[in-house]
Structure formats: structure tokens, C-alpha cells
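Here is the structure we will look at, set down as C-alpha cells.
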Amino acid sequence: MFGGVAFANPQPGQLNMTRGAAEWSSEPYFLNNVALGVCVVIGVLVFGAMFIAMFRFRKSRGAVAEKWSHNTTLEIVWTTIPVIILIVLAYLATGGLRTFADTTGSEMTVKVTGYQWKWRYDYVDYKGKAIDKVGFMSKLDRESDETRQLNSGLDPNAVKVDGYNTYLINVDKPLVVPVGTKIRFVITAGDVIHSWWVPALGWKMDAIPGIVNAAWTNIKEPGEYRGQCAELCGQDHGFMPIVVKAVPKAEFEQWLAEQQAQATQPAPAAPAAASTAPAPATAQASDAPVSQGHQG
């Protein structure tokens with residue numbers, strides 16, 4: 001159950017949710033801390049009252065139970081307070097979801113399609129201009145794929161990039177995006193239900209065949225942000241990681257121009273096939289030796 005969470009790029013000693021690297025990622029971090037604080041306070045009060053009742057008013061100390069069975073005032077209090085807490089939490093969560101769903105003002109659109117067991121990224125538009133033929137499949141990197149094979153004899157701890165262990169969390173082609181740009185994601189699937197999840201962005205979104213879901217992000221700092229498919233999608237569910245590479249705008253625009261140039265290059269012409277037709281009869285005749293007849 002927790003395999004996907006373990007490979008969602010946690011940091012050593014991390015106890016809380018990640019603060020994230022995007023504009024919206026602070027919202028779930030804040031809501032989680034508020035809800036956790038409420039749960040801690042309620043837990044302390046409830047379990048504190050239980051332990052006091054069990055130890056201070058136990059029968060061995062001569063405690064005698066009261067005869068009343070209801071206290072209207074107390075029941076109103078302990079019903080009203082939880083209702084108020086739930087209303088406050090619902091208000092905060094609804095506000096967060098409302099801003100999360102608002103993709104207006106996006107400067108860029110990326111289509112994400114889930115497949116068993118890889119992702120496809122298609123760049124739709126950037127700064128109001130359509131992008132044509134820039135897209136690719138992104139799948140588990142070759143080193144991790146070879147290491148995970150049964151009886152491969154390879155050490156998962158040896159799969160590293162720049163000293164960081166990337167076993168099962170690296171891909172052959174990352175999704176490259178610019179920082180400081182509101183990016184709209186349209187997410188769907190081509191076979192079964194997947195879920196596109198990068199914790200540093202602060203959200204995850206189901207990829208459902210026949211349905212297009214939308215979300216947005218605005219990454220503040222350059223870097224590589226990793227995630228996983230978060231919906232059990234079949235045999236190799238655990239082997240379809242996500243890598244988002246955020247780069248400065250100038251670097252992204254240069255990369256995008258290179259990709260567009262490659263996409264518009266004409267395909268190389270096929271080499272002319274060698275002629276296999278038989279040589280003309282006259283040529284064949286000219287090559288044959290001439291025989292000399294004898295006069296009798």
C-alpha cells in the first residue's frame with residue numbers, strides 16, 4: 001500500500017508533508033497542519049478525560065457512579081463544538097479546491113496521457129501560440145528497468161544520478177517546463193485509470209479514459225521534481241514514475257525551439273533501390289564468345 005508513497009521522493013528525516021515547490025502547494029501543506037493540529041487537540045482532550053476517569057475515579061478508590069444519564073447542556077456543547085470545527089475545515093478545504101480548479105490565466109498547456117505503463121506528454125500551447133508536433137513518451141529509465149528484472153544480479157542502491165539514488169524514480173525523458181509560468185495540465189488516459197502525482201506540486205489528478213481533468217501549477221524554483229502513478233493500474237503500476245524538470249524560461253524556450261525544429265525537419269529520403277532487372281538481350285549476346293565454323 002505504501003510503496004508509491006515511499007518512492008514519491010521523500011527526504012531523509014522527513015516527518016511532515018513536503019512544502020512543495022509550486023505556488024499552490026502551500027495550500028495542502030497548510031490545511032494538513034491545521035487538520036493535524038485539530039486532531040491532536042481533540043485526541044489530548046478525549047484521551048486525557050478517559051485516563052482521568054479510569055485512574056482517578058476507579059472503583060478501587062471508592063468512587064461511586066452518578067445516577068444521572070443525560071446532561072442536556074453538556075451534550076449541546078460537545079455536539080456544537082465539533083460541528084463548528086467541521087464547518088471551519090470545510091470552508092478552508094473548499095477555498096483551496098476552488099483555487100486549485102481555476103486554470104484561467106494559464107500561459108501554457110500540457111496534455112498528460114497515462115498508458116500501461118508509461119506517460120505521454122504533448123505540448124499544446126505556450127504564451128498564446130499553438131505548439132505543433134512536440135510530444136513524447138516518458139517511461140522508466142533503462143538502468144532501473146534492467147535492475148528490477150528478476151535475477152538481474154544488479155544492486156538497486158547503485159542506481160544513482162549525481163549521487164542521488166534514483167532506482168524506480170527516474171525516466172528516460174522528463175517533462176520539461178518553465179519556472180514562473182502558470183501551466184495548465186489536461187490529464188486523461190488511453191487504457192485504464194491512472195493518477196498523475198508529483199508531491200512537490202501539491203496535488204494529484206486521476207487520469208481516466210474518456211474524461212479530461214484539469215489542474216494547474218506555477219513552479220517557483222528550478223529543479224527536478226519526482227512522483228509516481230498513484231492509482232493501481234495493473235502489473236507494472238510501480239514502474240511508471242514521473243519526473244518534472246523545471247528550468248528558467250530562457251532555457252525552456254531554447255529547448256522548445258529545438259524540439260519544434262526537429263519536429264518540422266523533413267524525413268530523410270529513402271535510398272534508391274538497386275536495379276534487379278535482367279540485362280538487355282543484346283548486351284548478353286555481346287558478352288558471349290563468337291564460335292568459328294569449319295569449312296568442309
Side-chain angles (χ1 to χ4, degrees), residues 1-22 25 28-29 32 110-122 135-177 183 185-215 217 219 223-246:
M1 289 177 62
F2 299 102
V5 178
F7 288 123
N9 204 29
Q11 302 302 318
Q14 179 180 338
L15 297 177
N16 201 352
M17 289 178 60
T18 176
R19 290 181 179 271
S25 60
Y29 182 81
N32 175 75
V110 176
K111 180 183 177 184
V112 179
T113 309
Y115 294 98
Q116 291 177 311
W117 289 272
K118 50 191 170 289
W119 300 97
R120 178 171 179 84
Y121 301 116
D122 292 288
F136 51 84
M137 287 289 188
S138 178
K139 62 182 184 298
L140 184 67
D141 70 303
R142 182 176 180 179
E143 188 176 7
S144 290
D145 192 44
E146 292 177 350
T147 302
R148 78 178 181 90
Q149 303 301 321
L150 187 65
N151 299 323
S152 68
L154 301 175
D155 182 11
N157 295 318
V159 182
K160 294 183 178 181
V161 174
D162 297 330
Y164 181 78
N165 186 274
T166 58
Y167 178 60
L168 299 184
I169 59 171
N170 202 21
V171 296
D172 57 349
K173 293 183 180 180
L175 173 65
V176 182
V177 297
I183 305 168
F185 291 92
V186 289
I187 301 173
T188 187
D191 38 44
V192 299
I193 297 177
H194 303 273
S195 187
W196 200 79
W197 180 39
V198 179
L201 304 186
W203 51 266
K204 63 180 177 179
M205 181 62 70
D206 282 350
I208 305 172
I211 296 176
V212 176
N213 290 321
T217 192
I219 301 174
E224 289 190 345
Y225 304 102
R226 304 177 186 277
Q228 283 276 342
C229 175
E231 185 71 37
L232 184 60
C233 58
Q235 172 185 333
D236 285 351
H237 159 69
F239 309 116
M240 52 183 301
I242 302 163
V243 179
V244 176
K245 183 179 181 181

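Note that the structure is a prediction, hence the values are computed from the model and not measured.
Side-chain atoms of Val212 and Lys111, non-hydrogen and from C-beta on, never get closer than 4.5 Å to each other. In this structure, the side chains of Thr18 and Tyr29 stay at 4.5 Å or more apart for every pair of heavy atoms. Residues Cys229 and Trp119 form a side-chain contact, since some pair of their non-hydrogen atoms from C-beta on lies under 4.5 Å apart. The side-chain heavy atoms of Val112 and Tyr121, taken from C-beta on, include a pair separated by under 4.5 Å.
With rounding to the nearest 0.5 angstrom, the CG atom of Asn170 is 13.0 Å from the CD1 atom of Ile242. To the nearest 0.5 Å, atom CE of residue Met240 and atom NZ of residue Lys139 are 13.0 Å apart. To the nearest 0.5 Å, atom CG of residue Asp141 and atom CD of residue Glu146 are 9.0 Å apart. Distance check: Leu140 CG to Tyr167 OH gives 8.5 Å after rounding to the nearest 0.5 Å. One finds the CH2 atom of Trp203 at 6.5 Å from the OG1 atom of Thr217 (value rounded to the nearest 0.5 Å). Rounding to the nearest 0.5 Å gives a distance of 13.0 Å between CD1 of Ile211 and CD1 of Ile187.
For the salt bridge (charged side-chain N to carboxylate O under 4.0 Å, His left out) test, residues two or more places apart in sequence or in another chain that qualify with Asp145 are Arg148. Taking Val192 as the reference, Gln116, His194, Cys233 meet the side-chain contact (heavy atoms from CB on, under 4.5 Å) condition, with sequence neighbours excluded.
When all heavy atoms are compared, the tightest approach of Ser138 to Lys173 is OG-O, 2.6 Å. Pro209 and Asp191 make their closest contact through CG-O, 3.3 Å (heavy atoms, listed as atom of the first residue, atom of the second, distance). Shortest non-hydrogen contact noted between Asp206 and Asn213 is O-ND2, 2.9 Å. Considering every non-hydrogen atom in both Glu143 and Ala158, the closest pair reads OE2-O, 3.9 Å. Residues Ala246 and Ile219 share a closest heavy-atom pair of CB-CG2, 3.8 Å. The two residues Gly238 and Gln228 come nearest to each other via the heavy atoms O-OE1, 3.9 Å.
At distances below 3.5 Å, at least one donor-acceptor pair connects side-chain atoms of Thr188 with backbone N or O atoms of Ile208. Looking only at distances, no side-chain donor or acceptor of Ser25 sits under 3.5 Å from a matching main-chain atom of Gly202.
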Could you go through Val177 and Tyr225, starting from their C-alpha distance and side-chain angles, then the distance that decides it, and tell me whether this counts as side chain to side chain contact (heavy atoms under 4.5 Å, CB included)? CA-CA 11 Å; Val177 297; Tyr225 304 102; over 6 Å; no
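Applying side chain to side chain contact (heavy atoms under 4.5 Å, CB included) to Arg226 and the options Thr166, Val198, Val244 leaves one that passes, Thr166.
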